[in-house]
Amino acid sequence: MSRLLHLLDVRAGGPQVWIGPPSGPDGKRTYGGHLAGQALAAALRTVDAQMPPTAMHVQFLRAGAADAPIDYRVESVHDGRTTAARRVSAAQGERLLATATVSCAAALPGPEHGSADAPLPDPEDLPRTGPTAPAPSMPLEEIDIRIADTGAGEGFTRRLWWRATAPLPADAAVHACVAVYVTDVYMLDPALQVHGIALRDRTHRTSTTGTSVWFHRPVRADRWTLLESTSPAAARGRGVVTAGLLDSTGVRVATVVQEGLVTPREKPTTERT
């Protein structure tokens, strides 16, 4: 099993409880995409595969320890003929780290839209950049990331191409979990880039407070996918980033919205004697 699949492979830990392996390194905070991906994996273990996820909403409450496993308690909120809903609580010991709701539904006929207005560039023509800053928790040897941003100020757009290079099973649930895992990486960056700052500058304290994902179509995590994101607003020490997840043909497969803390770091005071 690849390291990427291992990180998302939650195991049963009791009735309606699943345990997610740690990512490391020691002394670091749990990567938000890791927690969200494992929470989705735990929820989907309790739902019929014929009802794939349609939406996931995560509220991050406390930072977790990257070197410790996480327990996911899944509550069955609803089980219908074509829909299901789950509530997930993520904890380390007595510390509640996050709560999530996951909605699932069987596919039904209906109108469809959501495609790029123009053909997308070929990501194979871009250099392999990796994330915009260090990501020690991620198995980057198994994830090809290529970033080609455009614009500046309020016109800044992050264009992050990615695909898993490790072999993945055909299971659609695995591909959805990998997408949630990867797309969280430095997703708040556009909220600072609007102001000519980058997360890697470490001028601001940042942490994700909430993430929502709507799955429109099946995601293929082993094929090129574009995360195209902008930041429409920031105020009160919080920034919001909205993104579309598009396949290589320009069809939108998911929509992501994230809110997070974005506030200047306090400058150390100098005592005078």
Side-chain angles (χ1 to χ4, degrees), residues 2-5 7-8 31-34 36-37 40-41 44 49 52-56 105 107 109-133 135 138-151 155-190 193 211-232 241-258:
S2 71
R3 185 180 166 210
L4 176 60
L5 289 178
L7 290 174
L8 297 171
Y31 166 50
H34 182 210
L40 180 60
L44 297 182
T54 58
M56 180 183 193
E112 295 188 6
H113 61 274
S115 298
D117 295 331
L120 298 178
D122 186 353
E124 293 289 350
D125 295 334
L126 301 173
R128 186 168 181 166
T129 62
T132 57
M138 299 182 72
L140 294 177
E141 71 281 2
E142 299 178 5
I143 306 169
D144 191 343
I145 295 176
R146 307 184 184 197
I147 299 174
D149 298 335
T150 61
F156 175 84
T157 301
R158 158 98 350 117
R159 288 190 167 88
L160 185 153
W161 285 96
W162 66 273
R163 64 183 177 94
T165 56
L168 299 180
D171 187 351
V174 171
H175 289 257
C177 292
V178 171
V180 168
Y181 176 87
V182 174
T183 54
D184 184 72
V185 61
Y186 293 111
M187 190 174 171
L188 281 176
D189 196 34
Q193 292 281 354
T211 298
S212 292
V213 184
W214 289 268
F215 300 94
H216 313 306
R217 298 173 176 87
V219 181
R220 284 297 303 266
D222 53 357
R223 297 179 182 175
W224 282 117
T225 305
L226 174 63
L227 181 72
E228 191 172 67
S229 57
T230 60
S231 179
V241 173
T242 60
L245 200 61
L246 296 86
D247 68 16
S248 61
T249 67
V251 175
R252 181 178 288 238
V253 296
T255 296
V256 187
V257 177
Q258 185 170 101

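Nothing fancy with the numbering, it's 1 onward along the sequence.
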[X] side, atom [atom1]; [Y] side, atom [atom2] - distance, nearest 0.5 Å:
{"X": "Ser229", "Y": "Asp189", "atom1": "OG", "atom2": "CG", "value": "8.5 Å"}
{"X": "Leu7", "Y": "Glu142", "atom1": "CG", "atom2": "CD", "value": "8.5 Å"}
{"X": "Glu112", "Y": "His216", "atom1": "CD", "atom2": "NE2", "value": "11.5 Å"}
{"X": "Leu160", "Y": "Thr157", "atom1": "CG", "atom2": "OG1", "value": "13.0 Å"}
{"X": "Glu228", "Y": "Thr150", "atom1": "CD", "atom2": "OG1", "value": "7.5 Å"}
{"X": "Thr165", "Y": "Leu140", "atom1": "OG1", "atom2": "CG", "value": "10.0 Å"}

List the atom pairs, donor and acceptor, that lie under 3.5 Å between side-chain atoms in residues 173-183 and the rest of the protein, sequence neighbours left out.
{"residue": "His175", "atom": "ND1", "partner": "Ala221", "partner atom": "N", "Å": "2.9"}
{"residue": "His175", "atom": "NE2", "partner": "Pro169", "partner atom": "O", "Å": "2.9"}
{"residue": "Thr183", "atom": "OG1", "partner": "Ala179", "partner atom": "O", "Å": "2.7"}

With a 4.5 Å limit on heavy-atom distance, are the side chains of [X] and [Y] in contact?
{"X": "Leu245", "Y": "Phe215", "result": "no"}
{"X": "Thr230", "Y": "Pro190", "result": "no"}
{"X": "Leu226", "Y": "Trp161", "result": "yes"}
{"X": "Arg158", "Y": "Met187", "result": "no"}
{"X": "Arg220", "Y": "Asp247", "result": "no"}

According to side-chain hydrogen bond (donor to acceptor under 3.5 Å, both in side chains), who are the partners of Thr211, at least two apart in sequence or on a separate chain?
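Residues passing side-chain hydrogen bond (donor to acceptor under 3.5 Å, both in side chains) with Thr211: Gln258.
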What one should report as the nearest heavy-atom pair of Leu40 and Pro53 is CD1-CB, 4.3 Å
Search all heavy atoms of Tyr31 against all heavy atoms of Asp184 and return the closest pair with its distance.
CE1-OD2, 3.2 Å
Any chance the side chains of Ser248 and Arg223 put a donor and an acceptor closer than 3.5 Å?
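No, because no side-chain N or O of Ser248 sits under 3.5 Å from a partner of the opposite role on Arg223.
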